[in-house]
Amino acid sequence: MQFHPAVPANSLTLPGLTARLDRLVYHHGGKSLPEDQPHAFVYFITITNSSDRIVKLLGRKWVLRQADGSRVVIEGDKIVGETPRIAPGEEFSYNSYHVTGTDARAQGSFHGVDDLGHRIHVMLPEFEMIIPTRLDG
């Protein structure tokens, strides 16, 4: 079953603006992780602007559907503290993480404006964060 996070009202998909998951890294345990959420997934994302417009990304929204049926929504201004300006032919890459106690499916969107003042968004294809069944060490 596919789900999509809401995007800002009157926001358009800009052809040529894409987001992709480059890499997903799993970590287990450690002093910095809560006991009830000992699993961390570090994700590496690249947003590519192959359009003919400059875009400025202003924020993001993530929807995480947990294996236990719960849903976590994370949204806010900026992307890792930045409002990246991406010219045609340029990319913006970053990494962040999610901690969990269960498997989850993640869907993300990034929103902003183009150089014509139009509100735009780009969707990140859904990806899974699956806790390995065998944890060594």
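Just so you know, these numbers use all the heavy atoms, side chains as well, and skip hydrogens, waters and symmetry mates.
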*Starting at CG of L33, measure out to NE2 of H27 and round the result to the nearest 0.5 Å.*
9.5 Å
*Out of curiosity, I86 CD1 to K56 NZ, how far, rounded to the nearest 0.5 Å?*
12.0 Å
*Side chains of H111 and S11: donor-acceptor distance under 3.5 Å anywhere?*
no
*Can you spot which of T13, L17, L14 makes a side chain to side chain contact (heavy atoms under 4.5 Å, CB included) with V122?*
L17
*Shared ILVMFWY cluster between I47 and V80, side chains joined below 4.5 angstrom?*
yes
*Would you say the side-chain atoms of D114 pair up with the backbone N or O of R53, donor to acceptor, closer than 3.5 Å?*
no
_pair L64-M129: side-chain heavy atoms closer than 4.5 Å_ = yes
*Any side-chain heavy-atom pair from V55 and V113 closer than 4.5 angstrom?*
no
*All side chain to side chain donor-acceptor pair (under 3.5 Å) counterparts of S70, not counting sequence neighbours*: D68
*Do Q107 and R65 have side chains that get closer than 4.5 Å, going by heavy atoms?*
no
*asked:* Parallel, tilted or perpendicular, judged at 30° and 60°: which one describes the rings of W62 and F127?
replied: perpendicular
*Return the orientation label for the Y43 and Y94 ring planes: parallel under 30°, perpendicular over 60°, tilted otherwise.*
perpendicular
_I'd like to check F92 versus I45 (side-chain heavy atoms, cut-off strictly below 4.5 Å). Are they in contact?_
no
*Scan residues 78-92 for pairs that pass salt bridge (Lys or Arg N to Asp or Glu O under 4.0 Å), counting only residues two or more places apart or in two chains.*
R20-E91
